[in-house]
Asker: 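Please see the structure below; I have some questions.
Since we're looking at a predicted model, the values are computed, not measured. Below, chains carry the letters A, B, ... as their sequence lines are ordered, and counting in each starts from 1.
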Amino acid sequence: MRIATWNVNSLNARLPRVEAWLDDVRPDVLCLQETKLADASFPAMAFAALGYEAVHHGDGRWNGVAILSRVGLDDPLAGFAPGIEPDVDTRLVAASCGGVRVHSVYVPNGRALDDPHYAYKLSWLARLRAHLEATADPASEVVVCGDFNIAPDDIDVWDRAAFEGATHVSEPERTALGALLDWGLVDTFRARYPELPGLYSYWDYTAGRFHKREGMRIDYVLASARLAARSVLDVVDRNARKGTKPSDHAPVIAEFAR
DNA sequence: ATGGTAGAGCATCTA
């Protein structure tokens, strides 16, 4: 089972690239973030032509998440479960694909430690944990994939000193991510490559950071123990960040033996 | 020199 996640930074701008990538990589499941589309504008037919069912949750201008699957797509759920304070944005969608409960998440950026958006980020992470508690079983096969906007460790950023006092590396958000993992999830990429720096999924468009290899590892596939035990591959597809009109994120691929 | 680029949409906002 090949599961991928990709923040495409506008699906409108990226559709030809995503289609070509799907045709090349043929993941069983692809989670998308930052489609920046309303549901009515989601190009479901383009993905159906490639053999993928899809569910999309978006409100048009910003955010927007989707799941594509060629191994079935059942019980879609947009946003947080009933009983949890609803999200003001469209940042979470879940579905069952080939026996795996899949979540595509776009965690709020936070902007700055003293910005209200940072409090929203922490609240959002707590609500995601509550959502998992309410709708999924950590003893079953679960993945939570997406752009977490958190570098889990200092080796997940190109220069820790450059992030002093900034979001993405602060203790409260790392603690919130830890609480998510404590529910029963494994960062399979870091489990495969412990202590190996320089493996990023995002590079700021500005200042030529991609070509200077100045990035951050903020996109990942979190897997429940039952799946993580069968983890056979973890890759960041840096090639998808090259050429004309790339996203500022590269796709992250995780594979699990059946 | 608080810079730089990309996307949405048409003035800025978001990242």
Asker: Could you state the CG-C1' distance from A/Asn9 to B/dT5, rounded to the nearest angstrom?
Answerer: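 So the CG-C1' distance, A/Asn9 to B/dT5, works out to 10 Å.
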Asker: Please examine the side chains of A/Phe256 and A/Glu141, heavy atoms only from C-beta on, and report whether any two atoms are closer than 4.5 Å.
Answerer: no
Asker: Rounding to an integer number of angstrom, what distance separates B/dG9 and B/dT14 when you compare their C1' atoms?
Answerer: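 Their C1' atoms lie roughly 13 Å apart.
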Asker: Centre-to-centre under 6.0 Å for A/Trp124 and A/Phe80, is that the case here?
Answerer: yes
Asker: Which value, in whole Å, describes the distance between the C1' atoms of nucleotides B/dA1 and B/dT12?
Answerer: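 Approximately 22 Å lies between the C1' atom of B/dA1 and that of B/dT12.
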Asker: I need the NE2-P distance between A/His211 and B/dA6, as an integer number of Å.
Answerer: 10 Å
Asker: Considering just the side-chain nitrogens and oxygens of A/Lys36, establish if one lies under 4.0 Å of OP1 or OP2 belonging to B/dA15.
Answerer: no
Asker: Without decimals, in angstroms, what is the distance between A/Lys212 NZ and B/dT5 P?
Answerer: 11 Å
Asker: Once you apply a heavy-atom cut-off of 4.0 Å, does A/Asn149 come out as touching a base, just sugar-phosphate, or nothing?
Answerer: nothing
Asker: A/Tyr106 near the nucleic acid: base, sugar-phosphate alone, or nothing, with a heavy-atom cut-off under 4.0 Å?
Answerer: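 It contacts sugar-phosphate atoms only.
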Asker: Should we count CZ of A/Arg230 as having more than 12 external heavy atoms under 6.0 Å?
Answerer: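 More than 12 within 6.0 Å, yes.
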Asker: Between atom CG in A/Asp204 and atom P in B/dG3, what is the gap in whole Å?
Answerer: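 Atom CG in A/Asp204 sits about 13 Å away from atom P in B/dG3.
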Asker: Between A/Leu77 and A/Val88, is there shared hydrophobic-cluster membership here, with clusters defined by ILVMFWY side-chain heavy atoms closer than 4.5 Å?
Answerer: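 No; A/Val88 is not reachable from A/Leu77 via cluster members.
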Asker: Return no unless some side-chain N or O of A/Arg209 is found under 4.0 Å from OP1 or OP2 of B/dG4.
Answerer: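 For B/dG4, OP1/OP2 do not have a side-chain N/O of A/Arg209 under 4.0 Å.
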Asker: Ignoring the backbone of A/Arg61, work out which of B/dG7, B/dA15, B/dG9 is nearest its side chain.
Answerer: B/dG9
Asker: Of all the choices, B/dA15, B/dG7, B/dA8, which nucleotide is nearest to the side chain of A/Arg111 once you look at every atom?
Answerer: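 Within the option list, the nearest is B/dA15.
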Asker: Between A/Ala207 and A/Ser10, name the one whose nearest nucleotide on DNA chain B is closer to the 5' end.
Answerer: A/Ala207
Asker: What is the distance, to the nearest angstrom, from the CG atom on A/Asp248 to the C1' atom on B/dG4?
Answerer: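 Checked: the CG to C1' distance equals 13 Å.
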Asker: Rounding to an integer number of Å, can you tell me how far A/Tyr202 OH sits from B/dG7 C1'?
Answerer: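 Rounded to the whole Å, the gap is 13 Å.
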Asker: Looking only at side-chain atoms of A/Thr206, point me to the closest of B/dA8, B/dA6, B/dG4.
Answerer: B/dG4
Asker: Please check the phosphate of B/dG7 (OP1 and OP2 only) for any side-chain N or O of A/Arg14 closer than 4.0 Å.
Answerer: yes
Asker: Rounded to whole Å, how long is the line connecting atom CH2 of A/Trp62 with atom P of B/dG9?
Answerer: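 Taking CH2 of A/Trp62 and P of B/dG9, I get 9 Å after rounding.
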Asker: Give the ring-plane orientation class for A/Phe42 versus A/His56, where under 30° counts as parallel, over 60° as perpendicular and anything between as tilted.
Answerer: parallel
Asker: Using heavy-atom distances to pick each residue's nearest nucleotide on DNA chain B, tell me which of A/Pro246 and A/Glu34 is more 5'.
Answerer: A/Pro246
Asker: For the pair made of CG in A/Asn7 and P in B/dT14, what is the distance, rounded to whole Å?
Answerer: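 Taking CG of A/Asn7 and P of B/dT14, I get 16 Å after rounding.
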